[in-house]
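Order of the sequence lines sets the chain letters (A, B, ...), proteins ahead of strands, with each chain counted from 1. Scope of the values below: all heavy atoms of this structure, side chains included, with no hydrogens, waters or symmetry mates.
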4 protein chains.
Amino acid sequence: MIIRLDMQSDLPIYTQLMNQIIEGIASGELKPGEDLPSVRSLASDIGVNLHTINKAYTLLKQEGFIQIHRQKGVVVNPEGMPGITPEYEQKQAEQLRPMIAEAICRSVDKEHLLQIVESLYDDILHGEKENA
Amino acid sequence: MIIRLDMQSDLPIYTQLMNQIIEGIASGELKPGEDLPSVRSLASDIGVNLHTINKAYTLLKQEGFIQIHRQKGVVVNPEGMPGITPEYEQKQAEQLRPMIAEAICRSVDKEHLLQIVESLYDDILHGEKENA
Amino acid sequence: MIIRLDMQSDLPIYTQLMNQIIEGIASGELKPGEDLPSVRSLASDIGVNLHTINKAYTLLKQEGFIQIHRQKGVVVNPEGMPGITPEYEQKQAEQLRPMIAEAICRSVDKEHLLQIVESLYDDILHGEKENA
Amino acid sequence: MIIRLDMQSDLPIYTQLMNQIIEGIASGELKPGEDLPSVRSLASDIGVNLHTINKAYTLLKQEGFIQIHRQKGVVVNPEGMPGITPEYEQKQAEQLRPMIAEAICRSVDKEHLLQIVESLYDDILHGEKENA
DNA sequence: GTGGTCTAGACCACT
DNA sequence: GTGGTCTAGACCACG
């Protein structure tokens with residue numbers, strides 16, 4: 001899987017990493033049980049600090065997306081992904097709300113917005129990247 | 001207009017402020033041309049430093065949501081809101097994408113997701129708050 | 001002469017006033033010896049504070065563009081405009097320099113820049129306004 | 001690169017800083033990709049508060065002259081400078097216009113003015129300072 | 001009284 | 001050690 005980082009984004013690198021791995025899982029490119037690169041190899045591959053990779057993996061583990069085994073390495077959670085928890089629903093709404101509010105201000109009508117979301121949903125499912 | 005800040009949030013205060021003002025505009029609670037509180041009065045009202053308010057106002061001005069008149073104060077942009085620019089569309093997609101990817105991982109199907117977005121859209125339009 | 005003020009400009013109103021009067025003189029619309037409106041009438045005409053008009057007039061007088069007579073009112077300096085003083089040349093260079101530097105950064109080549117200046121020079125001479 | 005600030009100037013310090021950096025880029029003294037001093041080191045070097053430097057850097061970033069990398073520091077935009085946008089052209093004309101009007105009033109003829117601009121253009125390109 | 005600017009000093013996230 | 005954020009308190013220009 002190819003990781004693309006934007007070093008001048010305002011998003012922390014570990015967040016970009018998490019997003020890309022989650023998107024890889026969403027698209028099916030990474031399947032449950034599949035190995036992820038070790039902290040060390042990934043760090044050297046993409047040229048970032050070990051701590052950064054570690055932080056991303058640790059957070060992904062906390063949220064249930066991956067498992068970290070001391071010796072065996074890192075795998076996409078073979079027991080499947082976390083479900084729809086109340087905490088998740090709240091976080092999702094908190095994130096979505098300001099974006100939707102801005103869309104309303106900018107006169108994006110509801111149908112248009114839903115169409116944008118739907119189209120992104122399909123893109124991700126089919127593994128289409130932002131730059132594609 | 002009532003401002004609610006979460007001092008524990010990982011979102012900077014000035015960002016929370018921007019979001020609330022944008023949502024106020026989206027809901028129609030704040031209308032184009034309407035006065036916003038002065039930097040100092042808002043700062044003392046919600047108990048934060050005036051520089052924090054200033055930063056939020058300055059950014060909102062840069063994005064075209066409000067106007068700042070040197071000695072008269074701050075108003076919601078009477079010339080209407082900024083439209084749908086290519087930069088906005090790109091920013092929107094960048095923000096939406098990781099949220100949708102996570103939704104896919106958590107088995108939120110497309111219809112459900114669209115329904116969530118639609119419901120938030122309506123809530124904001126009708127001025128319903130998160131805690132309501 | 002029509003005065004157009006932009007209340008949301010970052011330029012102080014008195015500066016905008018000075019600029020417009022100077023441009024009026026440059027275009028020939030205001031001729032040496034010609035009367036300017038009194039502080040009071042101009043203030044009420046364009047709806048700004050007396051102090052603001054006063055400040056603009058006082059500064060214009062200090063630079064030699066106009067004369068203020070206690071009873072007779074304000075006139076464009078009948079003895080002609082101030083000339084090219086060393087102070088003026090220095091001020092001019094200080095103002096021009098950062099604008100030219102930015103133009104260079106943005107790849108405005110010398111010919112293009114000179115053409116812009118020349119075209120503005122002609123516009124002003126012929127009294128063509130910004131919005132025309 | 002040597003920064004010279006005039007604490008008596010009516011120009012804000014952060015503006016003077018922006019101007020000097022832009023001129024440094026224009027003259028070729030600062031090249032795309034080159035590091036700029038960190039906020040803190042520059043602040044202590046020239047004896048101003050770090051927030052003042054921060055404001056200058058943030059604005060230069062917004063205009064596309066520099067990039068700010070979260071933990072690595074600040075560099076001249078390696079992707080090159082911003083181009084000639086309509087907003088830039090408008091801003092440029094607004095700034096140039098009153099200066100040209102004053103020049104006309106003071107009987108600076110067109111050829112002389114163009115010569116002044118051309119000479120400043122060349123000075124900046126060759127890195128000649130105001131006081132040199 | 002308004003926003004604009006600057007200072008001084010602090011804590012935090014990130015790498 | 002870097003920039004990001006926030007606070008507290010001050011002076012100034014403007015109208």
Of all heavy-atom pairs between B/Tyr14 and B/Leu59, which one has the smallest distance, and what is that distance? CE1-CD1, 3.4 Å
5' precedence on DNA chain F between B/Val48 and C/His51 (nearest-nucleotide basis): B/Val48
Heavy atoms under 4.0 Å, any strand shown: does C/Asn49 hit a base, just sugar-phosphate, or nothing? sugar-phosphate
Touch check for B/Ile13, heavy atoms < 4.0 angstrom, all strands: base, sugar-phosphate only, or nothing? sugar-phosphate
Mark yes or no for whether A/Arg40, through its side chain, and A/Leu50, through its backbone, hold a donor-acceptor pair below 3.5 Å. no
Working to the nearest 0.5 angstrom, can you tell me the gap between C/Glu63 CD and C/Met18 CE? 4.5 Å
In whole angstroms, how far is the P atom of E/dC14 from the CD atom of D/Gln71? 8 Å
Is there a side-chain contact between B/Glu102 and A/Gln95 in this structure, where contact means two heavy atoms from C-beta onward sitting under 4.5 Å apart? no
Note: for B/Ser38 and A/Tyr14 on DNA chain E, the residue whose nearest nucleotide lies more 5' is B/Ser38
Would you please say whether a donor-acceptor pair under 3.5 Å links the side chains of D/Gln16 and D/Gln20? no
Just wondering, are more than 12 heavy atoms of other shown residues or ligands nearer than 6.0 Å to NE2 in C/His51? no
Please give, in whole Å, the distance from E/dC14 C1' to A/Leu5 CG? 14 Å
Position toward the 5' end of DNA chain F (nearest nucleotide), B/Arg70 or D/Leu50: D/Leu50
Starting from P on E/dA13, measure out to CG on A/Leu11 and report it in whole angstrom. 16 Å
Could you check whether atom NZ of C/Lys61 has more than 12 heavy atoms from other residues, nucleotides or ligands sitting under 6.0 Å from it? no
So what's the dot-bracket for DNA chain F: Watson-Crick or G-U pairs under 3.5 Å, [ ] if a pair crosses, | if it pairs off-strand? ||||||||||||||.
At a 4.0 Å cut-off to heavy atoms of chain C, the contacted part of DNA chain F spans F/dC14 to F/dG15
Can you measure from CD1 (A/Ile22) to CD1 (A/Ile66) and round to the nearest 0.5 angstrom? 9.5 Å
Could you check if a side-chain atom of D/Leu36 sits within less than 4.5 angstrom of a side-chain atom of D/Leu60, using non-hydrogen atoms only? no
Hey, which sits more toward the 5' end of DNA chain E by its nearest nucleotide, D/Thr52 or B/Ser41? B/Ser41
